[in-house]
Structures are given as C-alpha cells and as structure tokens.
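Please read the structure below before turning to the comments.
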Amino acid sequence: MPIACKFILSLIICLWMSPAKAQRAWDIEEQDFVMMRLKGEEIGKMDFSQYTYRIRLVDYFTSIDTLGEEARKYEVNAVWGTDTLLCYFNKPCIFSTLMRNQKRVNGVQVESKVAPYATFDAAITDMGEEEITELVDSLYRRRSKHDLLVYAPQTCLSYAWECMFRTHGVDPEPICFNRSMYPVLAQGEAMLNIFCLPGETYEARQKVIGKVALPEKSVLIFRNKKGDLLHAAFYMNGRVYSKNGQMHYSIYDHISLLLDLYGRWGKYKSDAAYPEVMCAYTMTVYTLNKTIFNIN
C-alpha cells in the first residue's frame with residue numbers, strides 16, 4: 001500500500017476513535033410552539049431594535065427589592081411610594097424536566113443572548129458536568145430560526161407596558177422584558193394609574209370600537225363584568241400587539257381579531273362558561289404619562 005494511502009487510513013482511524021466522535025448529538029428544541037393562528041394574525045414579538053433609550057424606568061421607582069429566589073425564578077417587589085408591584089423574573093438558565101417522546105427527562109432551558117433571544121430546551125440525561133456546561137454555553141450563543149421572538153413566559157401586561165415604554169425611548173428592564181410576569185394583576189392597576197393616563201372606556205364589541213380612532217402608542221386594558229383586569233395589549237400604527245400568558249406573541253392587523261378572542265360578544269367567547277369572569281365587557285385606553293419622564 002502506498003505511503004500516502006497508509007497515512008490517510010491512519011488519520012481516518014484516529015478521527016474515528018477520537019473523543020469528538022463519541023460525543024452524542026444534543027437533543028435541542030426551540031420554544032416556538034403556536035397553539036392557534038388566526039387569519040390576519042402575524043406571529044412574533046415587536047422588533048425593538050430601532051429604538052434607543054435615554055431614560056431608565058427603574059430610576060423612577062422608590063426601590064427594587066429582591067424578596068426571594070427559587071430554582072426557576074426571582075421574586076421582586078418594585079415599589080413606588082406606597083404602591084407595590086410584585087414581579088417574577090424567570091432565570092435565563094433553568095434546570096427542569098422536559099417531555100421527550102411522551103416521557104419526562106432531565107433537561108435545561110436557556111435563553112439565547114443572540115437576538116431575538118429565543119429560549120431553547122435540551123435534554124441532559126446521562127450527561128456529565130463538563131458536557132452540560134458546554135451545552136449551556138452553546139445555547140447562550142444559539143440563533144433562532146425566526147426573525148421575531150415567537151414565545152417567552154412574559155405576561156400580557158408586562159408586554160403591553162414594554163411596548164409603550166420602549167416606543168417612547170424608556171428602557172423598561174428589568175420590570176418589563178421577555179421573562180417578567182406579574183402574578184397579581186390587581187397591583188398592575190396601581191402602576192397603570194402612576195405611569196399612564198386613562199382615556200375613554202368602551203364596550204368591548206366591534207360595532208362600538210370599530211368606529212373609534214385609537215390614540216397611537218396606547219395600552220388597551222380589557223376588563224370583565226366585575227371590573228377585574230382580564231387582558232392587556234398595545235396599539236400602534238393600526239396594529240395590535242398582544243401576548244396571552246403561556247401562548248405565543250401575536251400581531252393583529254385589526255382590533256376586531258382581539259375582540260373576537262376576549263370580548264363577550266366575540267366569535268370565540270359567545271358560548272364561554274362563566275362569561276362574567278372569563279370575558280371582556282369593557283376596554284379602556286391608556287397612554288403614557290409623559291410628564292413623569294419629561295417627554296414632549
């Protein structure tokens with residue numbers, strides 16, 4: 001056998017027997033599930049890359065106090081005078097159980113540091129510490145297959161506020177961002193009254209709101225018959241930006257789609273159980289209180 005052929009054969013054998021060859025293929029999935037998509041609905045979070053910030057929201061709170069830390073999240077109180085907003089912030093890296101092939105396995109969830117900051121799940125069963133560290137580092141640098149962020153644990157009020165603040169040049173982190181949640185929506189009412197100016201309240205049906213010229217960069221608050229805050233969304237340039245709890249981010253071409261989803265008289269709520277609690281009867285329009293931030 002020629003010397004060159006022997007060399008190539010030896011190289012192939014070495015590569016075959018090397019540790020890199022023995023490394024398993026990582027089981028990675030992007031959190032981008034979509035439960036339902038409506039006609040006229042675009043999937044994804046608003047792109048904030050065009051905005052710059054000269055104001056920080058945290059500077060306008062009396063204090064930001066960390067109350068506790070759990071395996072998955074931080075618990076924080078954002079205090080303004082006598083008012084308090086309880087916030088949960090998911091950690092960017094969480095070790096938990098995942099579903100794979102209808103079985104629970106050990107896994108890790110990591111939020112990428114690369115825009116649009118998608119979260120990736122990966123199974124880590126039977127992995128050693130060194131391989132897990134390598135995997136997590138790769139997930140921090142992993143790119144999403146989507147241009148816009150499809151899913152994050154952010155709640156509706158957090159997202160609506162984030163849109164309002166960012167489009168006015170106010171940096172809302174860490175009060176409002178991909179991983180912030182408000183477990184007590186009633187506390188959000190106090191924050192609405194501090195940072196926003198209330199406008200008109202309308203019956204949550206298309207034949208009423210369809211005739212209204214909504215103000216630009218406004219937060220839309222939907223309330224049930226008892227007056228409890230049910231959902232929040234953001235309106236700008238004729239489009240509505242919405243995020244429902246554990247569902248995907250949505251952009252609607254017309255507010256009628258949102259009224260169909262949440263309004264008492266919408267096509268998806270007409271036969272809802274407990275409509276007085278589960279359906280929106282009114283919608284109130286809020287705009288940013290620019291005086292607080294000295295914005296023209």
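All values below come from the heavy atoms of this structure, side chains included, with hydrogens, waters and symmetry mates left out.
Here the side chains of I295 and V170 are in contact, with some heavy-atom distance below 4.5 Å. Put simply, the side chain of D137 reaches to within 4.5 Å of the side chain of R141, judged on heavy atoms. By the 4.5 Å heavy-atom criterion applied to side chains, L149 and S144 are not counted as neighbours. With a 4.5 Å cut-off on side-chain heavy atoms, E162 and Q154 count as touching. Looking at W26 and L139, their side chains never come closer than 4.5 Å, going by heavy atoms from C-beta outward. Contact check for R72 versus Q109: side-chain heavy atoms found under the 4.5 Å cut-off. Contact of the F165 side chain with the L288 side chain is registered, since non-hydrogen atoms from C-beta on lie closer than 4.5 Å. Two residues are said to be in side-chain contact when any heavy atoms from C-beta on lie closer than 4.5 Å; M283 and L214 meet this criterion.
Across Y182 and C87, no two heavy atoms sit closer than the pair CE2-SG, 3.8 Å. Listed here is the closest heavy atom pair of E42 and L148: OE2-CD1, 3.6 Å. Taking each heavy atom of V240 and Y235 in turn, the nearest pair found is CG2-CD1, 4.0 Å. The two residues N178 and P116 come nearest to each other via the heavy atoms ND2-O, 4.3 Å. When every heavy atom of L257 is checked against every heavy atom of D253, the shortest pair comes out as CD1-N, 4.4 Å. When all heavy atoms of P215 and V285 are compared, the closest pair comes out as CG-CG1, 3.5 Å.
A cation-pi geometry, defined here as NZ or CZ lying under 6.0 Å from the six-membered ring centre and within 45° of its normal, does not hold between K243 and Y159.
Every pair passing side chain to side chain donor-acceptor pair (under 3.5 Å) that includes a residue from residues 112-121 is listed here, sequence neighbours excluded: Q31-D121.
Checking side-chain atoms of N101 against main-chain N and O of K103 turns up no donor-acceptor pair under 3.5 Å. The main-chain N or O of G81 is found under 3.5 Å from a side-chain atom of T62 such that the two form a donor-acceptor pair. Formation of a donor-acceptor pair under 3.5 Å by the K225 side chain with backbone atoms of C279 is not found in this model. Proximity of a side-chain donor or acceptor of N237 to a complementary backbone N or O of R239 within less than 3.5 Å is not detected.
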**Message:** Assess the residue pair R142 and I28 against the criterion (side chain to side chain contact (heavy atoms under 4.5 Å, CB included)); give the C-alpha distance rounded to whole Å, side-chain angles, the decisive distance to 0.1 Å, and a yes or no.
**Reply:** CA-CA 10 Å; R142 194 175 183 90; I28 301 172; 3.6 Å; yes
**Item:** CA sep, side-chain torsions, deciding dist, call: I132, V108, side chain to side chain contact (heavy atoms under 4.5 Å, CB included)
**Value:** CA-CA 9 Å; I132 292 174; V108 63; 5.8 Å; no
**Request:** Mind running side chain to side chain contact (heavy atoms under 4.5 Å, CB included) on E75 and L86 for me, showing each step along the way?
**Result:** CA-CA 7 Å; E75 187 174 326; L86 177 63; 3.6 Å; yes
**Request:** Begin from the C-alpha positions of Y88 and T155 and carry the test side chain to side chain contact (heavy atoms under 4.5 Å, CB included) through to its verdict.
**Result:** CA-CA 10 Å; Y88 289 163; T155 50; over 6 Å; no
**Request:** Please report the C-alpha distance between F195 and W161 in whole Å, then the side-chain angles of each, then the deciding distance to 0.1 Å, and finally whether the ring pair (Phe, Tyr, Trp, His ring centres under 6.0 Å) criterion is met.
**Result:** CA-CA 10 Å; F195 294 112; W161 273 347; 7.1 Å; no
**Message:** Before you tell me yes or no, could you show the steps for W265 and Y281 under ring pair (Phe, Tyr, Trp, His ring centres under 6.0 Å), namely the whole-Å CA-CA distance, both residues' side-chain angles and the distance that decides it to 0.1 Å?
**Reply:** CA-CA 8 Å; W265 302 274; Y281 282 73; 5.6 Å; yes
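Between E173 and R166, at least one side-chain nitrogen of the basic residue sits less than 4.0 Å from a carboxylate oxygen of the acidic one, meeting the salt-bridge criterion. The pair R37-E41 does not count as a salt bridge, with every side-chain nitrogen at least 4.0 angstrom from each carboxylate oxygen. Checked for salt-bridge contact, E111 and R179 meet the test: a charged N lies under 4.0 Å from a carboxylate O.
Rounding to the nearest 0.5 angstrom, the gap separating the CG atom in L259 from the OH atom in Y262 is 11.5 Å. In this structure, CG on L157 lies 12.0 Å from CG on L230, to the nearest 0.5 angstrom. In this structure, CG on L67 lies 4.0 Å from CG on N77, to the nearest 0.5 angstrom. Separating the CD1 atom in I292 from the CG atom in N294 is a distance of 11.5 Å, to the nearest 0.5 Å. From L135, atom CG reaches atom OH of Y140 across 11.0 Å, with rounding to the nearest 0.5 Å. Between the OH atom in Y202 and the OG1 atom in T282 there is a gap of 12.0 Å [rounded to 0.5 Å].
Partner of R223 under the salt bridge (charged side-chain N to carboxylate O under 4.0 Å, His left out) criterion, out of E203, E276, E189: E189 alone.
L261 and I43 fall into different hydrophobic clusters, where Ile, Leu, Val, Met, Phe, Trp and Tyr side chains are chained together by heavy-atom contacts under 4.5 Å. I175 and V79 are members of different hydrophobic clusters when ILVMFWY side chains are connected at heavy-atom separations under 4.5 Å. Under the 4.5 Å side-chain heavy-atom criterion for grouping Ile, Leu, Val, Met, Phe, Trp and Tyr, I194 is connected to M164 within one hydrophobic cluster. Note on Y151: it does not cluster hydrophobically with V114, by side-chain heavy-atom contacts below 4.5 Å among ILVMFWY residues. Hydrophobic clustering (ILVMFWY, side-chain heavy atoms < 4.5 Å, transitive): Y53 and V58 are in one cluster.
Using cut-offs of 30° and 60° for the angle between ring planes, the F234 and Y241 rings count as tilted.
Ring centroid separation for the pair F89 and F177 comes in under the 6.0 Å cut-off.
Heavy-atom neighbours of D59 CG from other residues, nucleotides or ligands within 6.0 Å: above the threshold of 12.
In terms of the side chain to side chain contact (heavy atoms under 4.5 Å, CB included) criterion, residue partners of V105 (sequence neighbours excluded) are, by chain and number, L98, R100, A123, T125.
For the residue pair S256 / H254, a side-chain donor-acceptor distance below 3.5 Å is found, with atom types taken as modelled.
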